[in-house]
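A short worksheet on the structure shown next.
Each ligand, and each atom within it, is numbered from 1 in the order the structure gives. The structure displayed is predicted, hence computed values, not measured ones.
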Amino acid sequence: MDHKLKPDAGKDENLDVLVVGAGFSGVYQLERLRELGFKVRLVEAGSGLGGIWYWNCYPGARVDTNGPLYQFSRPDLWEDWDWSEMFPGWQEMRAYFDHVDKKLNLSKDILFDTKVTGAEFDEKDRRWVVSTDTGYSANPKFLVICTGFGSKPYIPPIEGTSDFAGECYHSALWPQQGTSLGGKRVGVIGTGASGIQIAQEAAKEADHLTIFQRTPNLFLPMRQKQLTASDNVKMKKDYPQSFKRRRETFGGFDYDFIPRSALEVSEDERLAAYEDLWAKGGFHFWLGTFDDVLFNEEANRTAYDFWRNKTLAQIKDPVIAAKLAPAVAPHPFGTKRPSLVQNYYELFNQDNVHLVDISQDPIERITSKGVLTGSGEHELDLLAFATGFDAVTGGLTNIDIRGTDGKTIKQKWENGVRTLLGVATQGFPNLLFAYGPQAPTGFLNGPSSAEYQGDLILNLLVYMREREITRFEAETAAEEAWRQHNFDLVDETLFPQADSWYMGANIPGKTREILNYPGGLPLYLEKFNASAANNYEGFTLA
Ligand code: N01
C-alpha cells in the first residue's frame, strides 16, 4: 500500500515546525520533533526520501564514507539492516531510507513532490507563512530548512548548450528512470566526485568516453569491499564504539588526524604512515594524516608527492599522466574534497577513453553534435554536466525567504554569509537551517551532522518551549563574531588557496569565503553548547 501523502493544495495552520527536505537532516528532525511532541510536517520536492540520494541517481553515484558510519546511529535502525558494500551506491542508500521509513513510519508526515517556493515571517503572529509550488501552504511557528549542501545544481553558461541534439543531463538532475550508456559516445564535463563516478561507469559500456578536465583533482583509492552477512555481524559489534567516537573527531568519522607533524618524523616513518593510510583507503589519507598537512605547505607537499607517485604508477601514457598528476600541485593536497576512485586513473589506459585538457584546449561552444574545443569537435550521444553545485548556500538562497525587513536571505548574503553558529541568521527569526553555511557541513560526515547538529537545533526548540519563548533571532554582533571566528580558523589553513566549493570559489561571482566551519566537530559543539549554557548567548529570545 502506498502510504505516502500526495501533494495537495491544503493548508497547515497550527504546525509547530515545518521541516524542508527529506535527507538525513530532515528525516532526523522529523522523527525527533514528533517524539518530543511537536506538531510537525516535512515537505520534500522529490518523490521519495534520501535528499541527495534521491536526486543523484546518475550511474555510479556512491557514498564516500564507509557505510557503517554513513547511517543513523539508533540501534533499532541498524540491528536488522545489512550493508552489501563498504561504500554503498545510490540504490542501496534509497533502500536504506525505505527501511528507515518503514521502521519509523515517516512518510505519513511528509508531503512529497512539493517544493517550498517562499516563506515570509509574520511578526504579528510570530509564524512563518510558507508557500509551495502545489498550492499547499503552512503557518509554522518555526521553519527548519534541511536542503543540504548540494540542492542547487550548477550548469555553466556554455554557448550552444541548448543546440545539443543528444541527451544532456546535470549529474544531480539525472532522469529517475535512468538511461543506458551502452554503445553511446559519452562526454563528461567536470572531474569532481560526480564526474569521475559517471566516467567509471561509462568507461565500462560506452562506445567512447570523452572526459573534459579543467583542473586535475586529487583522488584517493576507495578500497571498495563487498560485505557478507558475517562481515555485517562483525561490524555491528563495533558500531556503538564507532558512533561514539564520531563526536570526538574533526570530520565525524571514527578516526582522526595523527597528532604529529609530518615534518617531525623521519622520512621512513612518514612514508610508512602514508603507506598505511593509503592501504586503508577512503578518507584516511586525508582526515587521518599528520595534523599539519592541511596547515603547512611543506608538510602538504610531502602528501602531494606521495599521492603523485602512487597516481603516476597507474597511468601508462606519460603525457596523460602529467595532466592528471602534474609536477606542480594544482592546489594543496586536501584543500578540495579528494573524491574516492575505484579505477579512475586506469581508465586512461583503455582505448575507448579520451581526456581533453580544457585548460589548454578550451571549450569554444557546444554544437548540435557535441563539444567544440580548439582541437576540433568531439561528437557525442550523451553529455553529462558534472559541474557541481552552488554549494552550501544555494539550498537557502534558492528559496524566496523574506525576513523582517522584507529582504531575502539571498540579498542579505550578497556580500558574504552571516550566520550565528551556522544555524540561524539575523533578520530571520524562528528560522533554523541544518547542514548549511558556517557549520562543519562539508567537512563533516552527513549523518554525524544530522544527529549532532540536529540535536543542537532540537535543544533550542525545547528550551524555548519549556520557557514559553515564542521568538528567537540571531544578533548582528554575534553573527559578525562567528563569521570572524570562521575566518580566523581558516586563515591558519591552506584551504583559502584552492578554488573549491568549500570556499564558494566554484561559482563565478559568488563571494569567496570559507563556507564550512573549519574548526571540526568537537570545537563546533563546544562553541554551540557554550552559547546554550549561557541562555543561548548571541540569540535574542522573546
Ligand atoms: O562537483 P565539484 P561534484 N567548465 O564542484 C568542473 C559531493 N559528492 O558534483 O575543478 C568546465 O566537486 C570543475 O572544474 P574545476 C562531494 O562532497 C559526493 O563532482 O573548478 N568545467 C570540477 O571538475 C563533492 O565534493 C559524492 O576547474 C567546469 C567539476 O566541474 C561535491 O558533492 C559524489 C566548469 C565540479 O566538481 C561536489 O561534487 C558526488 C566549467 N565552466 C558528489 N565549471 C560521493 O562520493 C565547473 N567545472 C558521496
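Only the side chain of F389 comes within 4.0 Å of ligand 1, judged by heavy-atom distances. With a heavy-atom cut-off of 4.0 Å, I189 touches ligand 1 through its side chain alone. When non-hydrogen atoms are compared, ligand 1 lies under 4.0 Å from the backbone of A386 (N, CA, C, O) but not from its side chain. Of all the heavy atoms of Y58, the ones lying under 4.0 Å from any atom of ligand 1 belong exclusively to the side chain. Only the backbone of V63 comes within 4.0 Å of ligand 1, judged by heavy-atom distances. The parts of S194 lying near ligand 1 are both backbone and side chain, judged by heavy-atom distances below 4.0 Å. Neither the backbone nor the side chain of N56 comes within contact range of ligand 1; no heavy atom lies under 4.0 Å.
Using the six-membered ring where Trp is involved, W413 and F433 have ring planes that are perpendicular, over 60° apart on the 30 and 60° scheme. Aromatic ring orientation, F219 versus Y344: perpendicular (interplanar angle above 60°, classes split at 30° and 60°). Aromatic ring orientation, H485 versus Y517: tilted (interplanar angle from 30° to 60°). Ring geometry for F212 against H378 counts as perpendicular: the plane angle is over 60°, on a 0 to 90° scale with 30° as the lower cut. Aromatic ring pairs are classed by plane angle as parallel below 30°, tilted from 30° to 60° and perpendicular above 60°; the pair F149 and Y435 is perpendicular.
Salt bridge present: E31 and R74 bring a charged side-chain N and a carboxylate O closer than 4.0 Å.
In terms of polar-atom proximity, defined here as any N/O pair under 3.5 Å, W53 makes no such contact with ligand 1. Polar contact check, R62 against ligand 1: a nitrogen or oxygen pair lies under 3.5 Å apart. The N/O atoms of K336, backbone and side chain alike, include one that comes under 3.5 Å of an N/O atom in ligand 1. Checked by distance only, ligand 1 and G190 stay at 3.5 Å or farther apart across all their nitrogen or oxygen atoms.
Residue contact check for ligand 1: F87 places no non-hydrogen atom closer than 4.0 Å to it.
Side chains of N352 and Q350: a donor on one and an acceptor on the other come within 3.5 Å.
The salt bridge (Lys or Arg N to Asp or Glu O under 4.0 Å) with R62 is formed by just one residue from the set E201, E92, E85; it is E85.
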